[in-house]
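Worksheet: the structure to be examined is printed underneath.
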Amino acid sequence: MRKLARYALIAFAAVLIAGMVTLWSLAQLCQPQGETFVRIEHGSGTASIARTLKDAGVIQYEWQIYAIRVLNPSAKLQAGEYRFAGPTS
């Protein structure tokens with residue numbers, strides 16, 4: 001019984017740490033140095049949008065978009081031209 005409780009505590013701590021790292025990483029979205037315009041084409045899927053944003057320097061890792069999609073699955077990705085004004089102070 002004590003071993004089970006110990007394993008459960010270790011598993012809980014691991015999940016908690018993984019969640020904290022994920023949230024920290026999502027908060028650290030790479031901000032472009034200057035004004036950046038990104039065009040998302042009609043019909044682009046999540047993978048294409050993630051690649052476009054990464055290539056433009058708006059995000060550091062493509063998986064950040066996938067994580068956001070998992071956290072908010074009802075959010076719609078829309079085509080269009082988007083302006084990123086650079087780092088916020």
Side-chain angles (χ1 to χ4, degrees):
M1 186 72 163
R2 280 190 137 172
K3 277 189 174 182
L4 181 61
R6 185 180 303 158
Y7 290 136
L9 183 61
I10 291 170
F12 175 75
V15 168
L16 183 64
I17 290 170
M20 290 171 55
V21 168
T22 300
L23 290 175
W24 175 82
S25 177
L26 290 173
Q28 300 299 317
L29 293 176
C30 178
Q31 294 291 325
Q33 291 302 317
E35 189 173 63
T36 302
F37 289 90
V38 177
R39 182 168 193 76
I40 305 297
E41 298 298 330
H42 181 73
S44 295
T46 302
S48 175
I49 292 172
R51 194 174 322 106
T52 300
L53 292 174
K54 181 180 180 299
D55 291 345
V58 176
I59 59 173
Q60 284 183 315
Y61 308 104
E62 292 179 21
W63 67 263
Q64 291 172 309
I65 296 298
Y66 295 110
I68 290 170
R69 295 287 291 162
V70 167
L71 294 173
N72 191 3
S74 63
K76 295 183 180 185
L77 301 175
Q78 295 185 337
E81 186 170 45
Y82 295 88
R83 177 182 160 260
F84 297 91
T88 56
S89 53

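Annotation for Ala50 and Ile59: closest pair O-CD1, 3.7 Å, computed over non-hydrogen atoms. Thr36 and Ala56 get closest at one heavy-atom pair: CG2-O, 4.0 Å. Of all the heavy atoms in Arg39 and Thr52, the pair that sits closest is O-CG2, 4.0 Å.
Listed by first and then second residue, the salt bridge (Lys or Arg N to Asp or Glu O under 4.0 Å) pairs that reach into residues 56-83 are Glu35-Arg83, sequence neighbours excluded.
Met20 and Phe12 fall within the same hydrophobic cluster, defined by Ile, Leu, Val, Met, Phe, Trp and Tyr side-chain heavy atoms under 4.5 Å apart, directly or through other members.
Residues Ile40 and Leu77 are not in side-chain contact: their nearest non-hydrogen atoms beyond the backbone lie 4.5 Å or more apart.
The aromatic rings of Phe84 and Tyr82 lie tilted to each other, with the angle between the two planes from 30° to 60°.
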